[in-house]
Amino acid sequence: MYHFNHIADLKKYVQEQNLKGKSIGLVPTMGALHDGHASLVRASLKENDVTITSIFINPVQFNNKEDFQSYPKTETADFNFLKSLGNTAVFSPLETEMYPDSPKMALDFGSLQVGMEGKFREGHFNGVGIVVGKLLNIVKPDRAYFGQKDLQQFAIISQLVRDLSFDVELKCVPILRSEDGLALSSRNQRLTAEQLKDALIFYKSLAMAKSMLKDDTPLALVTERVSAAFSASNVNLEYFEIVDPTTLEQIDQYNAETNIALCIAGYVGNVRLIDNIIIGNEY
Ligand code: AMP
C-alpha cells in the first residue's frame, strides 16, 4: 500500500497514474475508520483504477476544541483496515503540511449553511470547504466519494464543485448502520455500552417520523413527537429538521411525490452524533 505524508510526493504519484491513463477515486476521511468508510472505499475501488484515501483530522472544521482533541486517532488500525480492503493509497499529512499558515479565506455557502450543522457548528463548513477544495486540487480525482450520513456536507461540497468548476464527479454513498440501526460513526468509539444503546433513539425516531409522515401526520406533530421521544431519553436533541435533500430548505408540507430528508443531531453524554434518512429516491 502506498502511503504519503507530503503533498509533493502524492502529486508525483498522481502524475504517474495520470501518465498511465489510470482513473483516480478520492475518499476523504478523518480516520478512525469503520465499515461506513469501507463502503466509500469499496465504491471507489470498483469505479476507479486507483483509490486514494485521505486521513486528516481537519482542525479548521472543528468549532469545539474538546471535540477536536478527543477525536479518535487510530492510525495503525486504519492502515491495516485499508490494506484489508484492497489496493489503495493513503494520504495522511501533518497539520503543518496542509496548513503551513492559517487559511485567511472564508467560504460562505449561503442558504445551504443556515440550518442544521451550519447553525450549531459555526465555521464548520468553511473548514470543510477549504479542506475538500485543497484535496480536490492536490489529487484532481475523476471521482470523489462522500457519505449520505453528512447530507448537508454533500450539498455544500456539490455547491463548491459547481461554483469553482472542479472537474470531478461526486458520489454520495448510503449510510451504513449497525444491525440495530445506529449509523456507524468514528465518534461511536467514545460511547459506553450503555450509551450505545441510548444512541439508538436517533434511528428509532427517524423511523417513527418517516412512518408518521407516510400516514399524513402534520409535520408539526411529527416534530413534537420526536422531541418528546428525546425528552424521555438520555440523549439531548439538538435539532430535528425536515428539509429538501438538495436545497436543504425546510419543508412545511409532506408530499409523497418529492424527496424529503429527515435530519437529526444530538448529544449522548458529550459526544455529538448526527443521522438522517431520505424519503423518496435515496442517493
Ligand atoms: P469522517 O471520517 O467522519 O469525516 O467521514 C468520512 C466520510 O465517510 C464522509 O463522507 C462521511 O459522510 C462518510 N461516512 C461516515 N460514516 C458513514 C456511514 N456510517 N456510512 C456511510 N458513509 C459514512
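In each ligand, atom 1 is the first atom listed, and ligand 1 is the first ligand listed.
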Any donor-acceptor pair under 3.5 Å from Gln152 side chain to Gly115 backbone = yes

Do Lys20 and Asp49 pass the salt bridge (charged side-chain N to carboxylate O under 4.0 Å, His left out) test, and can you show the C-alpha distance, the side-chain angles, and the key distance before you say yes or no?
-> CA-CA 10 Å; Lys20 289 188 211 158; Asp49 300 317; over 6 Å; no

Check the pair Asp198, Gln195 against side-chain hydrogen bond (donor to acceptor under 3.5 Å, both in side chains), reporting the backbone distance first and the verdict last.
-> CA-CA 5 Å; Asp198 292 341; Gln195 287 176 322; over 6 Å; no

Per-pair distances, 0.1 Å, donor-acceptor, side chain in residues 201-208, under 3.5 Å, sequence neighbours excluded:
| residue | atom | partner | partner atom | Å |
| --- | --- | --- | --- | --- |
| Ser205 | OG | Ile201 | O | 2.6 |
| Ser205 | OG | Phe202 | O | 3.2 |

With hydrogens left out, which residues have an atom under 4.0 Å from ligand 1, given that only heavy atoms count?
-> Pro28, Thr29, Met30, His34, Gly36, His37, Leu40, Tyr71, Phe146, Gly147, Lys149, Asp150, Gln153, Pro174, Ile175, Leu176, Leu184

Out of Val168, Asn18, Asn48, which residue meets the side chain to side chain contact (heavy atoms under 4.5 Å, CB included) rule with Ile24?
-> Asn18

Among Leu82, Leu85, Leu45, find the residue that satisfies the side chain to side chain contact (heavy atoms under 4.5 Å, CB included) test when tested with Thr51.
-> Leu45

